[in-house]
Structures are given as C-alpha cells and as structure tokens.
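Just dropping this structure here.
First listed ligand is number 1; within each ligand, the first listed atom is number 1.
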Amino acid sequence: MTLQYINNELTMHGHKLTDIAKEYGTPLFVYDETMICEQCRRFHSALAKSRLNYTISYASKAFSAIQLFNLMAEENMGLDVVSEGELYTALKSQVDPARIHFHGNNKTDQEIRYAIESGVEYFVIDSLDEIERIDRLATKQVKAVLRINPGVEAHTHEFIQTGQEDSKFGLSIKKGLALEGVRKIEAAENIDFMGVHFHIGSQIFESTGTVETVKLVIEWLKENDIEIQVLNIGGGFSIKYTDEDVSYPIEEGIQTITDALKTACETFDYHVPELSLEPGRSIVGEAGITLYEVGNIKEIPDTNYYVSIDGGMSDHIRTALYDAKYELRLVNREEAHDKMMTIAGKLCESGDIIRRDIRLPSSIQTGDLLTVLSTGAYHYSMSSNYNQMLKPAVVFVSEEGVRPVIRRQTLEQLVQNDII
Ligand SMILES: *Cc1c(COP(=O)(O)O)cnc(C)c1O
C-alpha cells in the first residue's frame, strides 16, 4: 500500500487524501489501483511458476464495479458471479463472458436462462435439484463443475467457514451426495461435466486445509473413476486488517498448493487437471480504504470516549457482522496514538461501531478526516441504504492520478422506486 504521510498529511501515490475528500466528499472509498493490479500479477506469476494449466477468476462479490471488472480483464482474470445483478454488471464490462462462472446455491430459472444466453463459461452447480433445472432450461449444450463439500474445516479465525458437513453449500463427499451429483451431471443430456469445485472458507491465512482437501479430493476422484478437466479450489486467501492478521503468503502458499496437487496426482495415478482459483478479498481488500469526516465527540466519564464519523454500518457492516477489527489513521496530520477511544457510526443501532477500544490521537476533533484501512473487500459491496444513507462514491488512485469509479448515490435515487 502506498499510503504515506508526506508533509504531515496522509497521501496515496503522492495525492493528498484531504484533496480527494474535498473533491469527492465523504464517506469515500479510495483504492490504490496499482496494488489491485499487483495482487493479480502475484497470483499469476505464482501459478505460472507451477507450470500447471490454470485460470484465475476474481470473486466479484468482494467489490463489483464496471471499471474494476475492466481492470480484471486487462489482468487476464475471469469473473465469478452469483446473481443476475452481478452478471449484468459483468456484462457491462470488458470481461469476456466466456471467462465468467455462475455460482450460487439457489440460481433462479431466470438467472439460469440469462447466464446461458450470455454465454458464460460454466455453472458451478450446487445441488442435485439444480442439475435437473439446468438440464431442462438449457437451449444449448452447457458446461458445469460441481461444488462438492469435502467436510474439511478451514483454518480461519472468523465465522466464515464453509467446508463443514452441515453447510448450505456444495454436496457432501462423505454422505455420498457428491458422487450422486457427478453421475447425475454425466447423465444429463444438455450438460457437459467439467470438474469439481470446493471453497472451504474465507480469510484463510495458511494452506494446510487446502492441501488436505486437494489430497482428499484427488483420492476420491480416482477411487470413483471420475474424469475431470478442472479442479477449482475457490478463494479465501487472507488479508491483513490489523496486526493480529497475516496476509496470505501468495508465492509460498500457491507453491505449497500446486506441489500438493502434483504429488496427489502422482500418488493416486491421476492425470493433473487444470487448476482454478477464485480470489476476492485478497485482490481488492488491502487496496481499499474508507475516508470519513469526524463529527460529534462524546466523553462518558470513566467509561468511554466516542468519536462519531459521517458513515457507519451502511458502508461498514463487518464490525457489526463479524466483530471484525480495523486499523485507523488520522488523515490531515500525523500524531501519536495516545488515547483510547471508540469510533462510532451515525446509524440507529448500538452495534453501529467501526472500531471499539483503539488508540488514536487525543487531538482528534470535529472536521478531521479519519481513514479505515483494508476496506476494499466486502464493504462497498455490502453497503446498504439503512437509515436512507446514500451509498458512498468510489475512486481509484494511481501515479497517473485520481479517477472516479462509482458516483455517490443521490437523494432522488433513494426514492426513485417509491410509488407516489
Ligand atoms: C466468497 C467466495 C470466494 C471468494 O472468497 P474470498 O475470501 O473473497 O477470496 C470464492 N469462491 C466462492 C465460491 C465464494 O463463495
């Protein structure tokens, strides 16, 4: 991240964040565009080094924007979408529809038809019912991979595991549903079976769970004589929110995983499939920050010191949702972090907190600018209009300059669907 204090002011690629806030207002999402590209390139070079055939799809739910998707197209990334809306946004971008994968545990008939019409590369099928549905709705031959549930618990420190046995995602290997699914797709008239997919969780900071799963899956494929072209191992690579976290070591981690795949294929005498990855958070998470203006400050003697900002859970839900922790910086001057405080949002929920008990400069006053770090993933995309808050604007910053990516929502847009 190129965030840096220059002349006592926080800058990104040399641009003062105060100037950016003045031009685009607050709350504002600011992305280091260069860092987004670098993250894509790190995954590409780590995978290229393995000499396996591979593809990478950006999991668009982390942050969906047409200009971001265009950047993904330039960086040779495909896209994962899970809804009509994400597909629509993707089709407005320069991403080749043949690089789009359609996910989700409950695709509607309308979404299935739309995806087929649009020429997506493949569906990631998530249930036995869905196989029949896609087969029935297919107007031409379609491709699919099956999402399986390996029953492996991801090593993650958040509440976002998805690989355990009791999950709404995937078909369980252990319960025999995965095999039933494969046979059913193979028998389906209008579906070509391409391979299998798993995603064992998010914010995974090391590779043990993935390695274990790769072995287990290859053994299962061999045992059951299942032929695949694609092994899709999902996303979930961690980022650093605070000093308690580690960014997933992309270079070493990918090498560990690709080595494990090669070894498993050798051990079980199985041909090496194409490997697919679906990173979301690790592409955009650390590259994004949020800018807020400080409003009221309230001291409760011997209890707490609340600093309220001009946004909240409408643009920052992860603290309320997961008790997630964030680092903050005072933007318009650099000062020692000498006072314990709680940074609160302005919405009507006690849980609307950005960060509890954090040390920040005691001089913080109304009108100052604060930034929350590592908000590039699952912030804008999880934003809402609760309390009729307007969705913030988004800008990209690089050495070349600052460019708007998403406009701030307007009051008229807030009520445009109201029938009066
Ligand atoms: C959410 C998700 C991803 C991306 O997860 P990140 O933690 O953002 O990398 C990838 N694949 C699937 C199936 C997902 O549900």
task = Write out the residue and atom name of the closest protein heavy atom to atom 3 (C) of ligand 1, then the distance separating them to 0.1 Å.
result =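 Closest protein heavy atom to atom 3 (C) of ligand 1: His199 CE1, 3.5 Å.
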ask   = Ser282 near ligand 1, heavy-atom distance under 4.0 Å?
value =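 No heavy atom of Ser282 comes that close to ligand 1.
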query = Can you pull the side-chain hydrogen bond (donor to acceptor under 3.5 Å, both in side chains) pairs that have at least one residue in residues 252-267, sequence neighbours excluded?
reply =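 Sorted pair list comes back empty.
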inquiry  = Below 30° counts as parallel, above 60° as perpendicular, anything between as tilted: where do the rings of Phe102 and Phe123 land?
reply    =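 Ring orientation, 0 to 90° scale: tilted.
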ask   = Taking atom 14 (C) of ligand 1 as the point of reference, which of Arg281, Lys61, Gln203, His101 owns the nearest heavy atom?
value =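 Minimum heavy-atom distance to atom 14 (C) of ligand 1 goes to Lys61.
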message = Against ligand 1, does Tyr378 come closer than 4.0 Å with any heavy atom?
response =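 Judged by the 4.0 Å heavy-atom criterion, Tyr378 does count as contacting ligand 1.
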inquiry  = Regarding Glu121 and Arg99, does a basic nitrogen lie under 4.0 Å from an acidic carboxylate oxygen?
reply    =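 No, no charged N to carboxylate O under 4.0 Å.
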ask   = Which ligand 1 atoms does Arg147 reach within 4.0 Å, using its non-hydrogen atoms?
value =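 Counting from 1, the qualifying ligand atoms are 13 (C).
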ask   = Under 3.5 Å between some N or O of ligand 1 and some N or O of Gly236?
value =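 Yes; at least one N/O pair falls below 3.5 Å.
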task = Classify the angle between the aromatic ring planes of Phe237 and Tyr248 as parallel (below 30°), tilted (30 to 60°) or perpendicular (above 60°).
result =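 Ring orientation of Phe237 relative to Tyr248: tilted.
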key: atom 10 (C) of ligand 1 - nearest protein heavy atom and its distance   =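 The answer is Glu278 O, 3.2 Å.
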task = Taking ring-ring contact (aromatic ring centres under 6.0 Å, His included) as the test, write out the residues that go with Tyr54, two or more places apart.
result =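 If we apply the ring-ring contact (aromatic ring centres under 6.0 Å, His included) test to Tyr54, skipping adjacent residues, the hits are His44.
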query = Do Lys107 and Glu130 sit within salt-bridge range, that is, some charged N less than 4.0 Å from a carboxylate O?
reply =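 Judged by the 4.0 Å cut-off on N to carboxylate O distance, Lys107 and Glu130 do form a salt bridge.
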Lys215 atom NZ, over 12 foreign heavy atoms within 6.0 Å =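 Not buried by this count: 12 neighbours or fewer within 6.0 Å.
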inquiry  = At less than 4.0 angstrom from any non-hydrogen atom of His103, what atoms of ligand 1 do you find?
reply    =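 So the atoms of ligand 1 that pass are 13 (C).
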task = Going by heavy-atom distance to atom 7 (O) of ligand 1, choose the closest among Ala59, Gly280, Ser202.
result =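 Residue with the shortest heavy-atom distance to the ligand atom: Ser202.
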task = State the atoms of ligand 1, each with its element, that fall below the 4.0 Å cut-off from a heavy-atom position in His197.
result =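 Near His197, meaning under 4.0 Å from one of its heavy atoms, ligand 1 has 13 (C).
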